[in-house]
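So the structure is just underneath, and the comments pick up after that.
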Amino acid sequence: MTVAAASPAPPRRTADTVRRVLGEALRLTRPVEARISPDGRHVATAAATPHGARLVLTPAAASPDGAPHGPGPGAPAAERHTPRWLPDSRTLLHVAEPPGGGPARLDALDTGDGTVRTLAQLPGAVEELHVCDDGREALALCAADGAERDGMHLGLPVRLGPAPAPERFAPGLGARTLHHVDLADGRRTEVSPPGLTVWNTAWRGGTLAVATVGEDTLPGGYYEARLARLDLAARTATTLYTPAGQLAAPFLSPDLRTAAVVEGISIVSGRPVTVDLTTGAVDRPAGTEDATWLHHAADGTLWYAGWDTHGSRVGHAGPEPRVLWRDTVTLGGPAFQPALSLSADGRLAATVLDAPGRAPETVLAPTSGPDAWQHLRRGGGRARRLRTGATPQPPGAVAGQ
């Protein structure tokens, strides 16, 4: 009996197209967080690449100084992220993670010549990094080995070495603690109040910090955190505000008299709450919803960035709330929430712009004048775009290449 030959399989054009598109997407360099230097001349972007996290440095405008230098060939191999400028606008503090795993380092990059020096070893995965106003100290929020991450990170644990089998999470394991680093000598000191988990913090230097804290080390504790005033020298905490909802994005005013925090029914966004650190008086500025980022300007104005239905919004909170800009685009920052980075004089803002129909990119916008915020509108217009490698890049590529 003759067996008929099998018919050739029909072409799978859709599957092949999806596979090709996914392959190209995985080779993209995606900007995650942008930080403008205090003098407004340079922008540092933390970028996710197929080869790990790296820093991309870009001049904000053409200048005789030329482009800033990324880590030079002599720098030790590492994934580098969480950029924080020192007041000199030349030194870029950042987190460096060894490629083979292990505790993170606090490194300093000289963007003038590309040299990197290690300042301190940090005892875990760094979830926040703060630099004091005078640039002499840093404060790192570190999650210990085994700390359970939230759902945005798929519930995966922090792992600095081999994972235990079976994996398990239990109260008291995987604490999140604060560590102070003297940038002159690299001395690191744990400054968290014993027995408390720190989820988010705000600090400008010295012994005063404000933070969202709780006793539970597991992610469920994030949803029941309270706002506390911390004495980093005495390692004590005093409750400032116990919310009805969830807290995020704390901030300290430049004069250290006011703390601000976002309160909402979700960790995604909420309404600003301010606390007078002298009297303890609590205020809830009306007219501001879905904020994810707060900033007290030197003149006392409380800025915010946040969600606006399917887009983003920037404005002022307070007795006379004001929306400065809104559009159907996303302004990205830490934890992929809308956020800005402002120059020291507040005249320029850097952010990651994610708009429909084009690849995410780092952009720069003036905050006042006839072109204020227009650089962020959908489609770009006259946007000042800063190349951060939204196209495939070879390993080790730096800005300007």
Side-chain angles (χ1 to χ4, degrees), residues 128 130-134 137 139 141 176-178 180 191-216 221-267 269-306 314-324 339-340 342 344 346:
E128 289 185 3
H130 303 274
V131 176
C132 70
D133 290 349
D134 65 11
E137 311 163 84
L139 189 70
L141 174 58
R176 287 169 165 86
T177 53
L178 291 172
H180 175 272
V191 291
S192 282
L196 286 182
T197 290
V198 179
W199 296 105
N200 301 115
T201 190
W203 175 77
R204 308 189 73 104
T207 62
L208 169 66
V210 295
T212 57
V213 303
E215 285 74 20
D216 191 351
Y222 189 97
Y223 302 97
E224 298 179 349
R226 59 192 180 272
L227 183 68
R229 175 178 184 146
L230 306 185
D231 183 325
L232 302 182
R235 299 183 65 184
T236 58
T238 303
T239 298
L240 295 171
Y241 178 66
T242 301
Q246 300 159 15
L247 298 179
F251 194 82
L252 262 176
S253 63
D255 60 9
L256 305 181
R257 297 178 59 182
T258 306
V261 70
V262 167
E263 179 182 8
I265 59 173
S266 162
I267 61 171
S269 58
R271 300 172 179 174
V273 175
T274 63
V275 181
D276 187 306
L277 295 181
T278 301
T279 67
V282 174
D283 185 35
R284 298 174 179 83
T288 302
E289 303 283 346
D290 295 328
T292 57
W293 170 87
L294 300 174
H295 173 83
H296 261 119
D299 64 2
T301 302
L302 181 62
W303 292 56
Y304 74 91
V314 174
H316 293 164
E320 298 180 2
R322 179 186 176 195
V323 175
L324 302 172
L340 301 173
L342 299 174

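Residue numbers count from 1 along this sequence.
For R271, the salt bridge (charged side-chain N to carboxylate O under 4.0 Å, His left out) partners at least two apart in sequence or on another chain are E289. For T301, the side-chain contact (heavy atoms from CB on, under 4.5 Å) partners at least two apart in sequence or on another chain are A297, D299, W303, H316. With sequence neighbours left out, T274 forms a side chain to side chain donor-acceptor pair (under 3.5 Å) with no residue at all. Residues passing the side-chain contact (heavy atoms from CB on, under 4.5 Å) test with E128, sequence neighbours excluded: H130, L141, N200, T201. Legend: residues meeting side chain to side chain donor-acceptor pair (under 3.5 Å) with R235, ordered by chain and number and at least two apart, are E190. In this structure, D231 has no side chain to side chain donor-acceptor pair (under 3.5 Å) partners at least two apart in sequence or on a different chain. In this structure, H296 has no side chain to side chain donor-acceptor pair (under 3.5 Å) partners at least two apart in sequence or on a different chain. Taking the salt bridge (charged side-chain N to carboxylate O under 4.0 Å, His left out) definition, one finds that E224 meets it with nothing, sequence neighbours left out. Scanning for ring-ring contact (aromatic ring centres under 6.0 Å, His included) contacts around W199 gives Y222, with sequence neighbours left out. Judged as a side-chain contact (heavy atoms from CB on, under 4.5 Å), and not counting sequence neighbours, the contacts of E215 are L196, R226. Not counting sequence neighbours, the partners of D255 by the side-chain contact (heavy atoms from CB on, under 4.5 Å) test are S253, R257.
Annotation for A237 and P193: closest pair CB-CG, 4.0 Å, computed over non-hydrogen atoms. When every heavy atom of W203 is checked against every heavy atom of A209, the shortest pair comes out as CD1-CB, 4.0 Å. Here the shortest heavy-atom pairing between V213 and A228 reads CG2-CB, 3.8 Å.
Without hydrogens or angle criteria, S192 side chain to L178 main chain gives a donor-acceptor distance under 3.5 Å. With hydrogens and angles ignored, the 3.5 Å screen pairs no side-chain donor or acceptor of T177 with any backbone N or O of V198. A donor-acceptor pair is defined here as one N or O able to donate and one able to accept, closer than 3.5 Å; such a pair exists between the side chain of E263 and the backbone of G245.
Considering only heavy atoms from C-beta on, V323 comes within 4.5 Å of Y304 through its side chain. Side-chain contact between T288 and L302 is absent, with no heavy atoms from C-beta onward closer than 4.5 Å.
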Go through the steps for L340 and H295 under the test side chain to side chain contact (heavy atoms under 4.5 Å, CB included), then give the verdict. CA-CA 9 Å; L340 301 173; H295 173 83; over 6 Å; no
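Atom CG of L294 sits about 11.5 Å away from atom CG of L252, to the nearest 0.5 Å.
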Identify every side-chain donor-acceptor pair in residues 277-287 under 3.5 Å, counting partners at least two apart or on other chains, and give the distances.
unit_1: T279; atom_1: OG1; unit_2: A281; atom_2: N; d: 3.2
unit_1: R284; atom_1: NH2; unit_2: Y241; atom_2: OH; d: 3.2

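Residue V261 is tested with L240, L227, V275 for a side chain to side chain contact (heavy atoms under 4.5 Å, CB included); the sole match is L227.
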